[in-house]
Amino acid sequence: MSDTPTGQISIDDLENVQITIGKIVGAIEKKAEEEGIDLGPTPKPGISGLRDWDYKILSRYQPVYTPVCDQCCYCTFGKCDLTGNKEGACGINMEAHQARETLLRVITGTAAHSAHGRHILHHLIDKYGRDKPIDVGPSNLIAPNTQAVTGIKPETLGDLEEVMDYVEEQVNQLLATIHAGQEGAAIDFESKILHGGMLDHVGMEVSDLAQMSCLGMPKAETDTPLVEIGMGCIDASKPVLLVIGHNVSGVTYIMDYIHEHGLEDKIELGGLCCTAIDMTRYQVENGGEPRAKVIGTLAKELKMIRSGVPDVIVVDEQCVRADVLDEAQKLSIPVITTNEKIMYGLKNRSNDSAADIIEDLSSGKEPGALILDFDTLGEVAPELTMKMAKIRDEKGIKALPSDEELQELSAKCVQCGACELDCPANLPIMSAMTAGAASDFTQFEYLHDLCVGCGRCDQACPKDLPVLNMIEQASRKLIGEERGLVRAGRGQISDPEIREEGVNLVLGTTPGIIAMVGCSNYPGGTKDLYKVADEMLKRNYIVVMSGCSAMDLGMYKNDDGETLYEKYPAKFLAGNLINVGSCVSNSHITGTAIKVAAIFAQRNVSGNYEEIADYITNRIGAVGVAWGAYSQKAIAIGSGCNRLGIPVIVGPHGSKYRRALIGKPYDEEAWKVYDARDGSEMPIPASPEFLLTTAESIEELFPMLAKNCIRPSDNSMGRMIKLTHYMELSQKYLGHMPEDWYKFVRTETDLPLAKREELLKILEKDHGWEIDWKRKKILSGPTMKADVSAQPTNVKRLCKGEC
Ligand code: SF4
Ligand code: SF4
Ligand code: SF4
């Protein structure tokens, strides 16, 4: 063999050697074989691994592009005018470029979550070791997204590293396809978007599994504590430490220091955004008391800083305003950055002593510090907060204008309209100024909840009026009353809960899961969330919350003074309200759907994404709502739901994501699947009729929610329940019956019981259906049959006789 030239094998030399060309057994396959895990066909899929599945769903749900900008300026050939689907200098057309823009947003979001996951994993492995078991409660399927995508069944923190390696490699490959001169087909960018979204849920899952296992967070508990929420629950007479961001790793050191030094009653610790949610999950497992308060969402960030209440601000990563340091400096609030993703040009003090850092920041020598050493951070943040509270008190720092000043400032407004033009919420600022000039501040007060706290009005004003501060000063009474309760994030839905509820979901007798997730860029204030959740809960849907939406929901109370978290129980059951946790906990929502397929329907989950997605698409009535979606992470989360066939509705601002995925209900060919029993074709209802779309108002949203929970597998009772809600919600909020209700009727027993006779008459008269009036039965008309044993599938190979 030694003489064999490179690249050429001489068979004559291979005496007594047998070569078998067969399956190359990789590490995952080997491990699966050892553990007796039946591995599906796509463990760790590459970019093209699930392309056939994507093409299937994209043929039903076609992309609709709504460009925000007609040009591309990615490279130095440009900028290129792509108006009217013209091609740029590199040959890419408008549609492909729009899909590329969407992909860029999706993988940015995926990278944000997976970088968070990698960071927290690194940190926790350093602290607890690679062998620390993953423990997320009474479940055997502990990592449904991870297992479905990678085929890996992780058991320890160390196992999660391999999962992250895969996600990072794929994100890198996807990022490379954004480069000029790569992909040219919109459809393949779309497939890549779905791939990125799927990876996002794996990255999120890793983050949450790691932190749930190590930080004493609730593990699928249904009675997690209620946590105070709102700007009004912060006691401003105490030193106030404000934390903003998403990555709770460093903050736990601050919380430990406060706890160990008995400072809980001496310091107010409040958080904004997902870090706040995760702070309140920290060590509350098995009845532990929450150690922090939630102030609110991103929309409260600038408002909270401008109020002057915080004495120190600690930021970590994601959704943190870029001007935190500048704004804080104006009010002598030191800022500590704790994560390399946000450093604000501050000096790295990670190796300095806590005393030196406290001295430099409290004396104003430095406006803030970068502290990457968490032990130092843990000591500096609370000690500095106590010191700064005194210093800032003595300085008599004034944050907001007085009422007299408010009136004077209002009178300076020249009604030029620049602020309104720039306001992303289109708020009526000018009339508030006019009223304010006459000392009537009620209109400013009205703006408070609608204002997303961006500060664009301030910058637009030629008179330099501090519009946001004026709104906030006028609203201080309202703000004082902003005190709600949010249930601490519970983490996963457990296997026993899936066993109990899975059948009801699949048959439709539990009408569906409404997952209200995402950010706070709402079109009409925060109360819309409350209205949507309450209506759907009363109708027995399972409402699942996470992230900023979970927080804002807790801000409102009913006439009995109860928040919805108090009014509705928190199990995974019809009519229950669940907060899974921060935005990385969104992985538990898709994880729940995967678990239904795996546990209730006993589908193989490992590396078997397509079959699982196909099952979910046809059988699990679920709709995601990201009513205030603003971030790249939100579109990544949505895209991950989409690859599993879960439709997502975004609020009106979501149209700026520039593309929707919409089906054509009138195209009968698009609404056909195979019956896996014999491979024959069967028609299915046109629901969900989209995978990603926008609703303009909550009135429009309500019937959309009910309708798009309809699935082919509904039994008659389930279909009747879903149709009843669809018709009632349409009547209640739009004032009329939906036009297409009859398209979902397969038999008379699908019809809402109370209106059956009336509806049969309409079917006969308006749609020409044949009715046996004696037996009140439909004789002919429906295009679909009610057949509970049918096995709807989009995937031919899953049919009997195929392989
Ligand atoms: S990437 Fe293509 S379309 Fe964009 S600027 Fe460059 S040449 Fe023009
Ligand atoms: S701070 Fe509020 S009022 Fe001002 S532009 Fe932003 S949303 Fe509009
Ligand atoms: S931009 Fe300033 S001056 Fe113009 S309408 Fe708004 S508040 Fe008044």
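All ligand and atom numbering here is 1-based and tracks the order in the structure. Below, each value reflects all heavy atoms present in this structure, side chains not excepted, and no hydrogens, waters or symmetry copies.
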Would you call [X]-[Y] a salt bridge at under 4.0 Å N-O?
X      : Y      : result
Lys398 : Glu405 : yes
Arg51  : Asp188 : yes
Glu481 : Lys477 : yes
Arg659 : Glu190 : yes
Glu472 : Arg306 : no

Quiz item: Using a distance-only test with no angle check, is there a side-chain donor-acceptor pair under 3.5 angstrom linking Asp316 and Thr338?
Solution: no

Quiz item: Any side-chain heavy atom of Pro523 sitting closer than 4.5 Å to one from Trp627?
Solution: yes

Quiz item: Counting no waters, what protein N/O/S atoms lie under 2.8 Å from atom 4 (Fe) of ligand 1?
Solution: Cys72 SG

How far is [atom] from its nearest protein heavy atom, and which residue and atom name does that atom have?
atom                    : answer
atom 2 (Fe) of ligand 3 : Cys461 SG, 2.3 Å
atom 3 (S) of ligand 3  : Val414 N, 3.5 Å
atom 4 (Fe) of ligand 3 : Cys416 SG, 2.3 Å
atom 8 (Fe) of ligand 3 : Cys413 SG, 2.4 Å

Quiz item: Which of the numbered atoms in ligand 2 are below 4.0 angstrom from a heavy atom of Gly455?
Solution: 1 (S), 6 (Fe)

Practice problem: Please state which part of Met433 comes within less than 4.0 Å of ligand 3, counting heavy atoms only: side chain, backbone, both or neither. | Solution: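 It is the side chain that touches ligand 3; the backbone stays farther off.
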
Exercise. With sequence neighbours excluded, tell me which residues meet side chain to side chain contact (heavy atoms under 4.5 Å, CB included) with Gln459.
Key: none

Exercise. For His97, enumerate each residue passing the ring pair (Phe, Tyr, Trp, His ring centres under 6.0 Å) test, keeping only those at least two apart in sequence or located in another chain.
Key: Tyr74

Quiz prompt | Numbered atoms of ligand 3 (with element) below 4.0 Å of Pro462, judged on heavy atoms | solution = 1 (S)

Self-check item: Numbered atoms and elements of ligand 3 in range of Met430, under 4.0 angstrom, heavy atoms
Solution: 5 (S)

Quiz item: For Thr297 and Asp552, what are the C-alpha separation, side-chain angles and deciding distance, and is it a side chain to side chain contact (heavy atoms under 4.5 Å, CB included)?
Solution: CA-CA 7 Å; Thr297 65; Asp552 278 330; 3.3 Å; yes

Practice problem: Work out which heavy atom in Arg487 is nearest to a heavy atom in Asn579; give both atom names and the distance. | Solution: O-ND2, 2.7 Å

Self-check item: atom 8 (Fe) of ligand 2 - number of protein N/O/S atoms closer than 2.8 Å
Solution: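 With waters ignored, the protein N/O/S count below 2.8 Å is 1.
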
Quiz item: Going through the distances and angles, do Lys192 and Gln173 end up as a side chain to side chain contact (heavy atoms under 4.5 Å, CB included)?
Solution: CA-CA 10 Å; Lys192 293 176 171 82; Gln173 296 294 345; over 6 Å; no

Exercise. Kindly determine whether Glu700 and Tyr733 satisfy side chain to side chain donor-acceptor pair (under 3.5 Å), including the steps that lead there.
Key: CA-CA 7 Å; Glu700 192 187 331; Tyr733 289 99; over 6 Å; no

Practice problem: Say whether Arg100 and ligand 1 are in contact under the criterion: heavy-atom distance to a ligand atom below 4.0 Å. | Solution: yes

Practice problem: Could you walk me through whether Tyr565 and Val227 pass side chain to side chain contact (heavy atoms under 4.5 Å, CB included), step by step? | Solution: CA-CA 10 Å; Tyr565 290 111; Val227 181; over 6 Å; no

